[in-house]
Amino acid sequence: MSGGTCGVRRITRALRRKGIVVARCTVERLMGELGLEGVSRAAAADHRAGAIGTPPAGPGRP
């Protein structure tokens, strides 16, 4: 597994490769019962300027 992370989709695919047919929602439920959590994808960064009409801070700008 990648860096020790295991999400619902990855576990479901690994089980299916081993011949165990299981629904994704079943894996999700079992992970919840066991207190296991997958790693969430990072939210997209917000690159907008702070206030309307102010230029973004950067090199050479205050």
*Please, which pairs that meet salt bridge (Lys or Arg N to Asp or Glu O under 4.0 Å) have at least one residue in residues 14-25, sequence neighbours excluded?*
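Passing the test, one end in residues 14-25: Arg24-Glu28.
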
*Val27-Val21 co-clustered via ILVMFWY side chain contacts under 4.5 Å*: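 Result: no, two separate clusters.
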
*asked:* Please give me the minimum heavy-atom distance between Thr12 and Val22, naming the atom from each residue.
replied: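 Heavy-atom minimum between the residues: CG2-O, 3.8 Å.
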
*Rounded to the nearest 0.5 Å, how far does CG of Leu15 lie from OG1 of Thr26?*
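Reported to 0.5 Å precision, the distance equals 10.5 Å.
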
Hey, can you pull the donor-acceptor pairs under 3.5 Å for the side chains in residues 30-37, sequence neighbours left out?
residue: Glu33; atom: OE2; partner: Arg29; partner atom: NH1; Å: 3.1

